[in-house]
Amino acid sequence: MPIVLSDNERGEQHGEVCVTDRSEAPVASDVDAARLGDPAAFGRLLRIWDRDLRGVAWAVVRNQHAVDDVLQTAYEKAFRSIDGFTGASSMKTWLHSIVYRSAIDHVRYEGRRRHAGIETLEQVPAAGSTSVSATDHIAIVDALGSLDLETRAMVMLTGVAGLTFDEVAAITGVARGTVASRVSRARAKLRQEVQS
Amino acid sequence: MTDRPSDLPSPDDRRADDEIDQVLAASVPPAGQDFWDRVDTSLSAIAEERPPLDRPETAASSDTAGEVIRLTDMNQANQTLRSPLALRLAAASAAVVLTGGAIFLATRGGDDGGAEVATGDSSAQTTSELATTTIPAPGESTSTSVDELDSTTTTTAAPPTSECVAGCDVGLPISPITNEDALDTFQEDVGCYFRADEADLDGDGFDDAVFFSGDFGALMIVDGTTVTFEPVDGAESIGLWTVTDYTGDRYDVGFVDVGEEVETSIESTDRPATLQLRVDDGGTLDIPGTLGCGV
């Protein structure tokens, strides 16, 4: 079955929503080698997509240490089941679905274990690459943290990872229209933080 | 190109969205070298544990064989029967009674192999007005009359795989398993769930699965008790998360007649299969259904 490389996998940008550096595109031979169980090739692919994958995990679990745990678990799980990746979707989308599920599972399990209330999204200093003030930055991150975890992931998947609604629908198992409406409402809420 | 809702594209909104995305992207903590060191080490270890995947289909059925699959502490198992939905199991031949909110698969001993409608327990008998399905002995057809739904279906019972030796008149309710059950027991809910084809209330199969298997073993809720299973040595793999035979306290469970997998989404596949639940003191019940697995 032919390998499908998404626009992002080819290094192309998704218009105005692409804010991360995608100068490094995956090599098709790495995808082939990873599917045959080459850990080095799979590791190279992970390094290309890790920033986007990490964004989804971070938005959901809201803790840096937990992000590392979730991602490591998800990457191991993906590599164990790499032969189950058929190429019907892009590998990036496939990895996002695994990370998303792992992050959701983590939150649900930890939530029951700790009986914790709503946590605030961990504040991480901005990299200094944005024109947004520190106050607005905190407000935006806080506003993201006030959303439900699935919507947080959808915002990151569409806005930061640059995936389409169709791709996000496939990843989250939520209907495309529902994804669109939830992202729209979430963005409206986040914009209020910027514009207020 | 990323599609956007039609009510968003004003220039101000776009600028705001760009700023938001920049903030969110900048807020994501970067991976440290120690993270990649751990990932690289674990990926290499995984690669060394399995043969080369030059034939994905073959490798898919073998790469988990012999892997260490741990059972968690039974104390973690949830001992609560959560739902009135139940499968009532005994031994050689099967009968199914669908009731409003309760399902019983029942079997009985005897040489005639005929059908017998299970009496169920009192809670089921009080809610039996909705529908009644009877699955007769092997080879016989069964008719399903749904009183209020005005529909009739015919199925054939799966043949039993062993004679009823003991316990034939003792019913065992099998309860559905939720993601929470799997998480509570194994700290994971990504694996395989088995759903029975028959005895469904709405024509779409059980809403809840009756079997879960994952990295740590397998799980069923039998007679109100969470039963964990570990794979039998030499059992064949069915994909990544399931093997053909498991053993547990008082019960064994396995799969036969496993069909080809069908991809149902990016991260899940379905296989037709028949779940066999075997009671240590005698009796086997075959439950045709679907084994759905995540990645």
Side-chain angles (χ1 to χ4, degrees), chain A residues 14-17 19-20 35-37 39 42-43 46 50-51 54-55 58 64 67-68 72 75-84 86 88-89 93-94 97-98 101 105 108-109 124 126-127 129-132 137 140-141 144 156 158-160 162 164-165 170-171 180 184 187 190-191 194-195, chain B residues 1-5 7-8 12-14 16-32 34-36 38-40 42-47 50-54 56-57 59-60 63-64 179-180 183-184 187-190 215 239-241 263 265-267 269 293-295:
Chain A
H14 278 242
E16 75 284 1
V17 300
V19 294
T20 55
R35 294 183 67 183
L36 294 175
F42 190 66
L46 292 178
D50 177 76
R51 185 73 179 180
R54 185 168 293 271
W58 170 78
Q64 181 168 5
V67 166
D68 280 354
Q72 184 173 351
Y75 293 169
E76 291 171 359
K77 193 168 288 186
F79 190 55
R80 283 196 176 94
S81 59
I82 192 72
D83 51 331
T86 63
S89 63
T93 304
W94 180 72
S97 69
I98 296 171
R101 176 68 72 87
D105 287 350
R108 289 174 178 167
Y109 177 74
V124 177
S129 59
T130 73
S131 58
V132 177
H137 185 118
I140 290 170
V141 174
L144 182 73
M156 297 299 284
T158 55
V160 177
T164 67
F165 288 149
I171 288 168
S184 176
R187 286 198 166 277
L190 295 175
R191 281 198 299 273
V194 176
Q195 295 168 340
Chain B
M1 177 162 178
T2 300
D3 38 6
R4 295 280 196 177
D7 57 341
L8 283 183
D12 286 345
D13 285 349
R14 285 181 175 274
D17 284 348
D18 287 347
E19 288 183 349
I20 290 166
D21 290 337
Q22 289 175 31
V23 166
L24 296 179
S27 299
V28 178
D34 57 336
F35 170 79
W36 287 116
R38 292 199 308 273
V39 169
D40 289 342
S42 61
L43 294 182
S44 296
I46 293 168
R50 67 182 179 192
L53 303 180
D54 53 348
E57 289 299 321
D63 65 353
T64 56
N179 288 18
E180 285 70 24
L183 280 166
D184 286 346
Q187 300 180 23
E188 63 174 345
D189 70 349
V190 177
D215 224 1
L240 186 64
W241 305 109
E263 188 170 5
S265 72
I266 289 175
E267 58 168 10
T269 60
C293 297
V295 295

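Naming convention: chains lettered A, B, ... in sequence-line order (proteins, then strands); numbering from 1 in each chain.
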For A/D50 versus B/A31, what's the shortest heavy-atom pair and its separation?
OD2-CB, 3.6 Å

All heavy atoms of A/F79 vs all of B/I46, minimum pair found to be CD2-CG2, 3.7 Å

Any cation-pi pair here, B/R38 with A/Y75, using under 6.0 Å and within 45°?
no

Could you tell me which non-hydrogen atom of B/A25 sits nearest to which non-hydrogen atom of A/R51, and how far apart they are?
O-NH2, 2.7 Å

Calculate, to the nearest 0.5 Å, the distance between atoms OG1 and CG belonging to A/T158 and B/D21 respectively.
7.0 Å

Using the side-chain contact (heavy atoms from CB on, under 4.5 Å) rule, take B/V28 and A/M156 through it: C-alpha gap first, then chi angles, then the decisive distance, then the call.
CA-CA 10 Å; B/V28 178; A/M156 297 299 284; 3.8 Å; yes

Check: B/E19 and A/L190 side chains under 4.5 Å, non-hydrogen atoms
no

Does B/R14 offer a backbone N or O that forms a donor-acceptor pair with the side chain of A/R191 under 3.5 Å?
no

If you take all heavy atoms of B/A47 and A/G37, which pair is closest and at what distance?
CB-O, 3.9 Å

Partner of A/V160 under side chain to side chain contact (heavy atoms under 4.5 Å, CB included), picked from B/I20, B/L24, B/V23, is B/L24

Give me the atom names and distance for the closest heavy-atom approach of B/F35 to A/R54.
CE2-NH2, 3.2 Å

Ranking A/V67, A/L46, A/D105 by heavy-atom pairs under 4.5 Å to chain B gives rank one to A/D105

